[in-house]
Amino acid sequence: MLSELLRRSVQRPQFLLIQHLSERLLLTGATALYSQARDKMTDDIAVDAAKRTAARTAVDQWVTEDTKILGIGSGSTIVHAVQRIAERRWKEGELADLICVPSSYQAHHLILDYNLNLGDLDRNPNIDVSIDGADEVDRKMVLIKGGGGCLLQEKVVANCAKHFIVVADYTKNSARLGEQWCRGIPIEVAPMAYVPIKLQIEALFGGEASLRMAKVKAGPIVTDNGNFLMDWRFIANREYDWAEVNTAITMIPGVLETGLFVNMAHKCYFGMADGTVKVQNR
Ligand SMILES: O=C[C@H](O)[C@H](O)[C@H](O)COP(=O)(O)O
């Protein structure tokens, strides 16, 4: 009886239409999801290729047999730079005496993994060239750094370098800060001071500063130096004097360093979507 009812209802045209539409809908949804995933993967591949081209070009132009001490930045772009240095060291027989000074735990291990000479600022405080990535670069070459949690040691190492060279992909190349990077300016702070620091930054410059929370650890991110990180989302479209902002925030007790790098970068190499490299000078 029941099966007879079912058989009849499935044969009704309305049922067949609904079934057909549902199948179409599912198919369209799945196709859209698939296209989104494919486009995202294509973008990721293009961005990574751009990082690689920028990093390799900068290494080949700035790391020569005269370079004795090299600062190594952090992030995903710098991996390509270290790979190129290792290729020249181990395949092409160059740069045997090059000493690499790391700017993070990640950089330290990259240098060791590629069997390069590991240095430190105690023995190598005068760096010839430092190469590092950036989260965003504006038209005056002010940088936002620290998106990956490293900024304090990076700034110290960059400051010890005669030439500080930035390598990045085309998504980091902006006219104004905040145009493409929407996660704010990272600020490394002493853990006990983050609430007063947040309130003071917001009172001074507006926007909102929040503690960066860890993804696979309960609680906040802890930096390589045992501190907390705040991300200050400044007011978009407001004209900030970044040198002034950087000085004012750095003066707040408990602030260890900001991810604003003002007047530090010497040249910036952007890998572009078309495979070329754009070089920006300060
Ligand atoms: O904290 C991370 C560093 O400042 C990186 O240099 C910056 O986030 C850029 O990283 P990536 O090369 O992965 O874009």
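Note that the structure is a prediction, hence the values are computed from the model and not measured. Quick note: numbers below take in every heavy atom, side chains included, and nothing from hydrogens, waters or symmetry partners. First listed ligand is number 1; within each ligand, the first listed atom is number 1.
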Check whether any heavy atom of Gly73 sits under 4.0 Å from an atom of ligand 1. no

the protein heavy atom lying closest to atom 5 (C) of ligand 1 turns out to be Ser74 O, 3.2 Å

How far is atom 10 (O) of ligand 1 from its nearest protein heavy atom, and which residue and atom name does that atom have? Gly75 CA, 3.9 Å

Taking the inter-plane angle between the rings of Phe164 and Phe261 on a 0 to 90° scale, is it parallel (under 30°), tilted (30 to 60°) or perpendicular (over 60°)? tilted

Would you tell me whether His266 and Asn281 have side-chain atoms, one donor and one acceptor, within less than 3.5 Å of each other? no

In the protein, which heavy atom is nearest to atom 7 (C) of ligand 1, and how far is it? Asp135 OD1, 3.3 Å

Can Leu151 be said to touch ligand 1, with heavy atoms closer than 4.0 Å? no

Salt bridge Arg183-Asp231, side-chain N to carboxylate O under 4.0 Å: no

What is the closest protein heavy atom to atom 12 (O) of ligand 1, and at what distance does it sit? Thr77 OG1, 2.6 Å

Treating Asp135 as the side-chain partner and Gly147 as the backbone partner, does any N or O pair qualify as donor plus acceptor under 3.5 Å? yes

Which protein heavy atom lies closest to atom 2 (C) of ligand 1, and at what distance to 0.1 Å? Gly148 N, 3.2 Å

Are any of the N/O atoms on Cys150, whether in the backbone or the side chain, positioned under 3.5 angstrom from an N/O atom of ligand 1? yes

Short side-chain donor-acceptor distance under 3.5 Å, Ser103 and Gln153: no

Ala168 contact mode with ligand 1 (heavy-atom cut-off under 4.0 Å): neither

Please check: side-chain N/O of Thr53 versus main-chain N/O of Ala49, any donor-acceptor pairing under 3.5 Å? yes

For atom 11 (P) of ligand 1, what's the nearest protein heavy atom and its distance? Ser76 OG, 3.4 Å

Hey, what's the ring geometry for Tyr240 with Phe205, parallel, tilted or perpendicular (30° and 60° as the breaks)? perpendicular

Checking heavy-atom distances from atom 3 (C) of ligand 1 to each of Glu154, Gln153, Gln106, the winner is Glu154

Using a 6.0 Å distance limit plus a 45 degree cone around the ring axis, check whether Lys278 lies over the aromatic ring of Tyr170. no

Considering the heavy atoms of Lys145, write down every atom of ligand 1 situated less than 4.0 Å from one of them. 3 (C), 4 (O), 5 (C), 6 (O)

Modelled atom types, side-chain donor and acceptor of Thr223 and Glu188, under 3.5 Å: yes

For Asp132, counting its heavy atoms only, list the atoms of ligand 1 lying under 4.0 Å from any of them. 6 (O)

How close does the nearest protein non-hydrogen atom get to atom 14 (O) of ligand 1, and which residue and atom is it? Lys172 NZ, 2.6 Å

